[in-house]
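Notes follow once the structure below has been shown.
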There are 2 protein chains.
Amino acid sequence: MKKDEEARPAPGREGGSTAFLLAQLGAHAASRFAEHLGPTGLSPPQVGILRAIGNGAGSSQHALAKRLSILPSRMVVLVDELEGRGLVERRDNPEDRRLYELHLSPRGRQTLESVGRIARAHDEALCAALDERERGQLRALLLRIAEHQGLTPGVHPGMRHVGKTTSDAPQAPSGGRGRRPKKGPP
Amino acid sequence: MKKDEEARPAPGREGGSTAFLLAQLGAHAASRFAEHLGPTGLSPPQVGILRAIGNGAGSSQHALAKRLSILPSRMVVLVDELEGRGLVERRDNPEDRRLYELHLSPRGRQTLESVGRIARAHDEALCAALDERERGQLRALLLRIAEHQGLTPGVHPGMRHVGKTTSDAPQAPSGGRGRRPKKGPP
DNA sequence: TATTGTTATACTCTATAACTATA
DNA sequence: TATAGTTATAGAGTATAACAATA
């Protein structure tokens with residue numbers, strides 16, 4: 001398979017629009033990061049939780065879930081695992097006994113540093129095609145867009161509710177036969 | 001909530017690494033595109049299928065699935081729906097009766113053009129923070145990285161196998177109690 | 001035997017509702 | 001009553017195995 005007659009949109013737009021390139025590279029970056037994370041046994045959302053707690057955002061599970069756009073019901077499971085591995089501590093809050101305060105254990109802090117090294121190596125590998133000046137240019141442009149789009153710095157928006165076939169779509173006049181006959185004999 | 005003490009990594013890296021910015025903006029772009037797609041009732045993978053068929057990649061479902069990194073078993077369902085809406089046609093291949101040839105119907109071609117308009121509007125909205133010269137710069141930098149990373153032009157890699165907690169991770173010495181007592185009375 | 005399309009099944013992630021304890 | 005944490009459950013995406021028809 002050498003000759004590749006690819007998707008070829010409008011002239012001057014080979015490789016897709018800027019938006020498509022961002023989505024494509026973003027998915028690639030996320031996927032690779034998750035791979036690099038493999039040896040730690042942590043998922044990307046868990047890394048986000050560790051980072052947020054490390055920055056002092058562990059006042060309660062609910063507040064943390066809201067900040068990271070993780071559902072509270074899922075947060076329970078994620079923190080369960082982090083606590084089970086001894087990376088995160090749940091402490092009772094005497095002033096409001098409904099809340100858990102989340103804290104990093106020494107082991108958790110150590111793991112967070114290790115994740116930081118992984119992230120830097122990942123960033124280096126991803127940007128290997130560019131020199132230092134170009135990386136700075138790219139960062140500046142991406143930051144401008146991110147700010148203009150109202151994205152929260154340091155928070156990955158996840159893939160929540162990525163457009164299911166909402167079925168409020170124009171249905172076809174049903175030109176096909178009722179049931180596909182399972183590719184049977186003619 | 002005005003004062004935001006965000007994730008603050010290394011100095012000079014406010015807002016996250018370039019890799020993180022790419023993942024963040026990419027997820028945002030994909031999410032917004034899916035939203036814009038709402039009125040058409042199509043999901044992003046289905047748009048990818050329409051585009052690929054429109055570019056002559058409809059020799060068989062299997063080949064198309066491989067090109068787009070969609071599982072053959074999922075391709076069946078996606079094409080089922082496209083066929084049900086009268087956008088795509090499955091034609092028997094007389095030379096190899098195991099294969100289906102996939103073709104766009106006139107309605108499918110019309111839908112593809114409509115999707116193109118949506119994509120252009122989406123791109124415009126996403127890049128609104130940059131002027132024409134800056135958009136060109138950004139596109140060039142992204143293309144360089146995409147090529148260096150070996151990404152197939154025009155093909156979104158999806159989010160396949162995004163690092164499950166592979167459990168080949170260093171398990172904690174089980175410092176916690178066996179079962180969390182459901183936040184009960186002390 | 002290998003391949004294409006297909007079905008069935010399992011696991012994960014997302015999302016919602018409901019329940020308990022506390023405020 | 002309202003909120004934090006939790007559980008249960010349903011829906012969609014991902015992945016694998018197995019099957020029938022065909023090569």
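Computed over heavy atoms, backbone and side chain alike; hydrogens, waters and symmetry mates excluded. What you see is a predicted model; the values in this text were computed from it and never measured. Here is how names work: the chains are called A, B, and so on, in the same order as the sequence lines, proteins then strands, and each is numbered from 1.
When each of C:dT16, D:dT7, D:dA23 is scored by its nearest atom to the side-chain atoms of B:Asp96, the top-ranked nucleotide is D:dA23. You'll find that the side chain of B:Tyr100 is closest to C:dT6, out of D:dT6, C:dT14, C:dT6. Nearest to the side-chain atoms of B:Pro72 among the listed nucleotides C:dT22, D:dT7, C:dT6 stands C:dT6.
The phosphate of C:dA21 (OP1 or OP2) has no side-chain N or O of A:Arg97 nearer than 4.0 angstrom. Contact between the side-chain N/O atoms of B:Arg98 and the OP1/OP2 oxygens of D:dA23 is not found at any separation under 4.0 Å. Checking the phosphate oxygens (OP1, OP2) of C:dT6, a side-chain nitrogen or oxygen of B:Arg90 falls inside 4.0 Å.
Considering B:Glu132, B:Arg135, B:His122 as possible partners of B:Cys127, the one that fulfils the side-chain contact (heavy atoms from CB on, under 4.5 Å) test is B:Arg135.
If you measure from atom CG of B:Leu64 to atom P of C:dT4, you get 13 Å, rounded to the nearest angstrom. Atom CZ in A:Arg74 sits about 4 Å away from atom P in C:dT14, given to the nearest Å. Following rounding to the nearest Å, B:Ile70 (CD1) and C:dT6 (P) show an atom-to-atom distance of 14 Å. Rounding to whole angstrom units, CG of residue A:Leu71 and P of D:dT9 are separated by 18 Å.
Counting any heavy atom pair closer than 4.0 Å across all strands shown, B:Ser60 reaches sugar-phosphate atoms only and no base atom.
Judged by distance alone, with hydrogens and angles left aside, B:Ser73 brings no side-chain donor or acceptor close enough to the base of D:dT14 to form a pair under 3.5 Å.
Side-chain polar atoms of A:Gln149 and B:Arg32 form no donor-acceptor pair below 3.5 angstrom.
Annotation: of the two residues near DNA chain C, A:Glu95 and B:Gln61, the 5′-most nearest-nucleotide partner is B:Gln61.
Here the shortest heavy-atom pairing between A:Leu112 and A:Gly54 reads CD2-CA, 4.3 Å.
A:Glu101 and A:Arg90 are not joined by a salt bridge, as no carboxylate oxygen comes within less than 4.0 angstrom of a charged side-chain nitrogen.
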